[in-house]
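What follows is a set of notes on a single structure, which appears directly below.
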Protein chains: 2
Amino acid sequence: MHKPTIEDVAKLAKVSTATVSRVINKQGGVKSSKEQRILEVIEELAYIPNAVARSMVRKITNTIGVIIPDINNPFFPLVVSGIEQQARKKGYFTILCNTNESPEIEEELIQILLERSVDGLIITTANEYGHQLQPVIDRRIPVVAVDRQIRNYEVDTVLVGNMDGAYQATRHLILQGHKKIAIIRGPQNTTPGYERFVGYRRALEDYNIPLLDEYVLEGDFKEESGYLDTQKLHSLQDRPTAIFTANNLMTLGCLKALTKIGWVLGEEVSLIGFDDLDVAEFVNPQLTVVSRPMRQLGEAAFDLLYEKMTHQGEWTKRHYVLSPKIKIRQSCVLRPSKTME
Amino acid sequence: MHKPTIEDVAKLAKVSTATVSRVINKQGGVKSSKEQRILEVIEELAYIPNAVARSMVRKITNTIGVIIPDINNPFFPLVVSGIEQQARKKGYFTILCNTNESPEIEEELIQILLERSVDGLIITTANEYGHQLQPVIDRRIPVVAVDRQIRNYEVDTVLVGNMDGAYQATRHLILQGHKKIAIIRGPQNTTPGYERFVGYRRALEDYNIPLLDEYVLEGDFKEESGYLDTQKLHSLQDRPTAIFTANNLMTLGCLKALTKIGWVLGEEVSLIGFDDLDVAEFVNPQLTVVSRPMRQLGEAAFDLLYEKMTHQGEWTKRHYVLSPKIKIRQSCVLRPSKTME
DNA sequence: CTGTTAGCGCTTTCAA
DNA sequence: TTGAAAGCGCTAACAG
């Protein structure tokens with residue numbers, strides 16, 4: 001048993017490897033009787049061209065690497081779907097890697113993708129300082145950052161308006177009459193974590209509501225932290241009447257905590273979340289959220305990358321900012337409590 | 001600008017490429033002063049070994065392909081997490097591909113992975129007949145099927161007890177007093193679709209409940225179909241008092257439909273779903289489900305694959321069947337309706 | 001311990 | 001239209 005090679009095909013078809021290569025790559029200029037014969041032999045041998053060997057001489061792989069921090073956060077698979085779809089259209093193959101929010105794993109993954117000579121990289125980094133990208137930059141491999149920026153390098157970036165969305169969310173709460181508004185924010189060394197907090201702060205400022213430290217809690221964008229922080233808020237002397245959670249998973253954790261400790265949503269406390277989630281429609285009252293166009297995010301990211309990969313010309317840094325949209329349901333206005341029924 | 005190669009390193013360090021190779025691959029037997037120098041040069045040049053060239057001579061890539069049908073179904077990312085974790089431990093790199101349930105894309109992806117010379121393949125196929133796997137089998141590349149079987153080839157398989165889980169679910173409904181139990185089943189040409197239906201049927205048989213055609217609807221495991229089928233059930237003259245939905249997404253669709261058409265869960269109709277989902281804890285009453293050990297599924301799959309990749313000896317077909325667990329919440333017993341309060 | 005050398009499978013001049 | 005031949009960057013005998 002041995003994988004058939006181009007040479008096996010050439011021998012059996014009684015032509016040179018060069019001719020077989022021409023056929024495989026549809027370059028034309030081969031007499032059609034010969035082409036016919038070669039195609040038959042390929043079929044017969046079940047020959048599959050070796051992309052490893054090809055990449056070696058061509059020095060391109062038609063492959064892009066995609067690095068995401070959390071495959072179990074439904075946000076990312078949606079973005080990835082958008083990337084994949086566009087990539088497929090252009091004949092690129094996508095290698096998806098998951099860092100699980102670990103900068104170490106991310107570094108390792110980058111190294112591996114570089115070893116495999118990917119033609120481009122789309123990344124939502126676990127470490128925005130970006131030094132792990134040095135080798136990628138050095139090799140002039142096109143990179144696009146999605147959802148989180150890269151601080152120390154000139155990298156094309158696709159984001160949604162985090163500040164904008166957070167501002168809208170907070171303002172919405174304010175306009176419903178809330179004054180005691182807490183935030184469960186994300187890590188402040190991440191773009192989304194920081195910008196969403198800024199949006200929250202600005203809204204408070206604009207409406208002359210003081211920002212209280214005890215209403216600012218910080219999670220890590222995972223469910224558990226939303227759960228814990230909600231409990232902390234509940235244990236406050238002076239509880240907030242509304243909470244803004246800075247991502248989907250923390251919103252979920254918050255909801256679970258509310259149920260657990262009996263802090264009644266829509267009666268004792270309002271909630272608005274950044275990012276939509278399935279659960280939103282099933283809680284009572286339904287949850288108002290800031291929702292983002294995930295697929296478009298992915299599509300835009302690939303399109304940008306594609307330009308860089310093809311027109312080697314452009315080396316200006318570009319920023320795409322897509323707009324979030326607030327989905328108003330009912331969780332932001334407090335009903336009279338049940339005891340009044 | 002040109003990527004440094006092993007030769008650049010060798011020249012600058014004044015040694016042969018063979019020696020550099022020894023250092024890179026930690027094979028030992030190199031004088032440590034030389035090794036030191038080489039390491040420094042590697043650092044200086046920011047040299048990264050070219051995995052493409054290496055694979056070419058070694059004929060292994062330390063890479064496995066993972067093909068899943070729907071990256072947006074939370075079930076799969078969880079399985080993938082299990083696979084990745086085990087793979088990382090053993091020094092394998094995972095290439096994740098998404099077919100979006102399309103057999104055509106699957107075939108293409110298999111071809112590409114083969115071209116890239118992956119050392120092994122873990123797949124949840126979109127076409128259980130499995131002819132698309134012929135080239136993989138021909139090349140003696142180890143394959144493990146997860147969650148869905150491959151019909152026409154001897155392939156190691158990791159599944160959960162679909163029949164078992166469905167039987168338990170249906171019996172649970174029966175023991176709550178239900179007699180009119182509908183199923184929204186999956187496609188019958190898929191293992192999970194078929195087996196879960198058999199579990200349902202057996203439970204009815206064992207308890208002498210006739211199986212009615214009008215209570216057997218078929219979806220495609222996507223949300224939309226659960227939604228539509230639920231509406232169909234509701235429009236029946238003689239509505240069922242309980243529904244068993246055969247996967248998470250169809251359960252979600254069913255729940256949305258119930259809300260939409262005002263068919264009251266827990267009062268007018270009971271529901272049990274195959275696979276847990278976030279929403280389960282947030283509907284009222286909370287949803288009883290059959291839950292599966294996703295991470296373990298992935299771990300077991302890689303472990304099996306790893307054995308095949310290393311001990312080339314074994315060529316017996318193995319089946320792992322993990323056990324599902326029923327998570328009893330409250331959605332299966334009907335409360336008196338609100339009007340009686 | 002170290003260097004020389006022969007490929008791995010393919011593409012791509014170049015010459016015919 | 002075709003074939004011969006020179007690599008792509010690396011590893012693995014083999015010889016020293």
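Letters A, B, ... mirror the listed sequences (proteins, then strands); counts begin at 1.
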Check: Is it true that Glu101(A) and Arg148(A) make a salt bridge, defined as a side-chain N closer than 4.0 Å to a carboxylate O?
Finding: yes
Check: Roughly how bent is the helix from dC1(C)-dG16(D) to dA16(C)-dT1(D) end to end, in steps of 10 degrees, with each end axis from five pairs?
Finding: 40°
Item checked: Summary of protein contacts for nucleotides 6-16 of chain D, nucleotide by nucleotide, where a base hit scores B, a sugar-phosphate-only hit scores S (4.0 Å, heavy atoms) -> -BBBBBBB---
Next item on the list: Verify, without hydrogens or angle tests, whether Thr61(A) (side chain) and Ser117(A) (backbone) share a donor-acceptor contact under 3.5 angstrom.
Entry: yes
Item checked: Main-chain N/O of Tyr92(A) paired to Thr94(A) side chain as donor or acceptor, under 3.5 Å -> no
Notebook entry, point to check: Picking from Val20(A), Val23(A), Ile24(A), Thr17(A), what satisfies side chain to side chain contact (heavy atoms under 4.5 Å, CB included) with Val9(A)?
Noted result: Val20(A)
Next item on the list: Locate the shortest heavy-atom distance separating Ala145(B) from Ile150(B); write the atom from each residue and the value.
Entry: CB-CG1, 3.9 Å
Side-chain donor/acceptor pairs under 3.5 Å, residues 31-45 of chain B, sequence neighbours excluded:
from     : atom 1 : to       : atom 2 : distance (Å)
Arg37(B) : NH1    : Ala13(B) : O      : 2.2

Item checked: For the student: nearest non-hydrogen atoms of Val160(A) and Pro293(A), plus distance -> CG1-CD, 3.7 Å
Margin query: So, applying side chain to side chain contact (heavy atoms under 4.5 Å, CB included) with Met309(A), which one of Asp119(A), Ile141(A), Leu304(A) is it?
Written below: Asp119(A)
Note to self: Less than 4.0 angstrom between a side-chain N/O of Thr19(A) and OP1 or OP2 of dG3(D), yes or no?
What the structure shows: yes
Give every donor-acceptor pair under 3.5 Å between a side-chain atom in residues 46-54 of chain B and any protein atom, sequence neighbours left out.
from     : atom 1 : to       : atom 2 : distance (Å)
Asn50(B) : OD1    : Val52(B) : N      : 2.7
Asn50(B) : OD1    : Ala53(B) : N      : 3.1

With a cut-off of 3.5 Å and sequence neighbours excluded, list every side-chain donor-acceptor pair involving residues 126-133 of chain A.
from      : atom 1 : to        : atom 2 : distance (Å)
Asn127(A) : OD1    : Tyr129(A) : N      : 3.1
Glu128(A) : OE1    : Thr191(A) : N      : 3.1
Glu128(A) : OE1    : Thr191(A) : OG1    : 2.5
Glu128(A) : OE2    : Thr191(A) : N      : 2.3
Glu128(A) : OE2    : Thr191(A) : OG1    : 3.2
Gln132(A) : OE1    : Gly130(A) : N      : 3.4
Gln132(A) : NE2    : Glu106(A) : OE2    : 2.7
Gln132(A) : NE2    : Thr125(A) : OG1    : 2.9
Gln132(A) : NE2    : Asn127(A) : O      : 2.9

Checklist line | Contact list for DNA chain D against residues 35-46 of chain B - heavy-atom distance below 4.0 Å | finding: none
